[in-house]
Amino acid sequence: MQEKYGDDVQFLFVESQGTSPEDTEKFVLQKKWISDHAIWTNEAPFETGARGIPHCVVLGIDGEVLINDNPLSAHSAIEAALEAQLKLAKKGPKEFSAPLAKAWQDFDKGLYAASINSLKALPEGADKAEGAKLAANLESRAKAKVNRLAWLIEAAEFEQADKLSAQLSKGLAGHALEEKVKELAGSLTAKDLAPEREAAKALDKVEKKIVKDGVDAAALKQLKSVGEKFAQTRAGKKAARMASMLGA
Amino acid sequence: MALAKAIGLAAVASALLGGTAPAQGKMAKVGEKMSYSFQEALQNGQGVKSLGDLAGRPVVVEFWGTH
């Protein structure tokens with residue numbers, strides 16, 4: 001399902017048997033349950049009422065619970081709910097008036113500032129209050145995207161960071177978040193980032209091997225080697241940590 | 001980065017596992033909107049600190065185990 005939906009659907013895995021975060025991370029690495037976008041935690045954000053696992057809760061684009069069920073028996077219902085939500089994510093809720101729907105769709109196309117500004121500029125009238133509410137919602141989503149860019153840079157995920165940086169630089173021009181985006185984009189092109197990028201590339205190569213062949217002796221050796229060669233970089237430290245966790 | 005894919009395995013593999021989700025916070029009832037701010041940093045967190053940060057995309061929250 002993760003492969004099918006990619007970045008359009010957020011997957012959040014909650015470890016529910018009391019395993020420590022470190023052991024969970026090790027388990028995830030060993031099982032190759034790693035994804036560019038899936039997030040893991042040991043912290044349940046809510047109760048499900050379920051007595052066993054696996055268990056799955058599907059949240060709509062506004063956080064509404066759509067399904068609370070076993071993911072195996074409810075597989076078809078989950079897929080149908082996701083498809084409907086993906087359509088909604090593109091077009092916006094049916095009850096939206098034309099200006100609100102356009103703002104929503106513009107945001108989806110990456111025109112973040114234009115979308116938010118159009119809502120703020122709505123004249124007094126029936127749409128004004130709903131427009132303000134939607135503008136606040138989209139502001140929050142734009143901020144989450146900027147936070148994600150900061151995280152990607154910190155995590156040495158430069159390939160994704162480059163793409164998101166370009167997208168945000170264009171889409172948030174003229175918005176209050178523009179300065180923050182410029183600062184982050186500037187850090188991505190800084191000369192002193194070259195060793196970090198080189199290390200990230202080396203780690204990426206080993207990770208690809210792990211996805212293909214699993215965690216074997218050769219992969220552990222390579223992880224250790226990346227960790228030693230790029231010891232002063234974020235990716236190097238990540239490689240060393242992975243090697244240590246996986247038993248090198 | 002590169003360690004992508006294979007998440008679908010989680011559902012299949014965790015079907016073999018037992019266990020219960022920890023009781024914590026609000027009950028996820030169909031039709032209700034959920035909000036939650038995470039206390040701990042998320043793994044591969046993508047800058048996410050709350051469920052609200054995920055708004056605009058559908059979210060699949062899967063409860064699984066390592067035993």
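Computed over heavy atoms, backbone and side chain alike; hydrogens, waters and symmetry mates excluded. Chain identifiers are assigned alphabetically (A, B, ...) following the order of the sequence lines, protein sequences preceding nucleic acid strands; residue numbering begins at 1 within each chain.
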- What do the steps show when you test A/Leu12 against B/Phe38 for side-chain contact (heavy atoms from CB on, under 4.5 Å), and what is the final call? CA-CA 12 Å; A/Leu12 171 64; B/Phe38 290 95; 3.9 Å; yes
- Query: With a 4.5 angstrom heavy-atom cut-off, which part of B/Ser50 approaches chain A: side chain, backbone, both or neither?
  - Reply: neither
- Message: Using a strict threshold of under 4.0 Å (side-chain N to carboxylate O), is an ion pair present between A/Asp8 and B/Arg57?
- Response: no
- Below 4.5 Å, heavy atoms only, C-beta onward: do A/Ser16 and B/Trp64 meet side chain to side chain? no
- Pick from A/Val57, A/Val58, A/Leu149 with the largest number of heavy-atom pairs that fall under 4.5 Å of chain B: A/Val57
- Taking side chain as C-beta onward, heavy atoms only, is B/Val61 less than 4.5 Å from A/Cys56? no
- Does B/Val48 reach the side chain of A/Ile39, with side-chain heavy atoms less than 4.5 Å apart? yes
- Message: Quick check: closest heavy atoms across B/Ala28 and A/Asn68, and the distance to 0.1 Å?
- Response: O-ND2, 2.8 Å
- Mind checking the CD-OG1 spacing from B/Glu40 to A/Thr41? Nearest 0.5 Å is all I need. 7.5 Å
- Message: As a quick check of understanding, evaluate side-chain contact (heavy atoms from CB on, under 4.5 Å) for B/Gln46 and A/Leu152, giving each step before the final call.
- Response: CA-CA 7 Å; B/Gln46 310 277 324; A/Leu152 287 170; 4.3 Å; yes
- Message: I need the minimum non-hydrogen distance between A/Leu82 and B/Pro58, along with the two atoms involved.
- Response: CD2-CB, 3.7 Å
- Message: Does any part of the side chain of A/Thr48, heavy atoms only, come nearer than 4.5 Å to the side chain of B/Phe63, both counted from C-beta?
- Response: yes
- Spacing of CG belonging to B/Leu54 relative to CG belonging to A/Leu59, to within rounding of 0.5 Å: 8.5 Å
- Message: Counting C-beta onward and ignoring hydrogens, is there a side-chain heavy-atom pair between B/Val30 and A/Ile67 closer than 4.5 Å?
- Response: no
- Item | Over all atoms of both residues, closest heavy-atom pair of A/Phe46 and B/Lys26 | CB-O, 3.0 Å
- Kindly indicate whether the side chain of A/Pro54, heavy atoms from C-beta on, has any atom under 4.5 Å from the side chain of B/Glu62. yes
- Task: State, to 0.1 Å, how close A/Ala38 and B/Asn44 come at their nearest heavy-atom pair, and which atoms those are.
- Result: O-ND2, 2.7 Å
- Message: With a 4.5 angstrom heavy-atom cut-off, is it the side chain or the backbone of B/Leu51 that approaches chain A, or both, or neither?
- Response: side chain
- Item | Flag if over 12 foreign heavy atoms under 6.0 Å of CD, A/Glu139 | yes
- Item | B/Gln39 and A/Glu43, any side-chain heavy atoms less than 4.5 Å apart | yes
- Message: Could you measure the distance from the CG atom of B/Asp53 to the NZ atom of A/Lys145? Nearest 0.5 Å is fine.
- Response: 11.5 Å
- Item | Among the listed options B/Ala41, B/Gly56, B/Ala55, the residue most often paired with chain A at heavy-atom distances under 4.5 Å | B/Gly56
- Query: Going by heavy atoms in the side chains, are B/Lys29 and A/Val65 under 4.5 Å from each other?
  - Reply: no
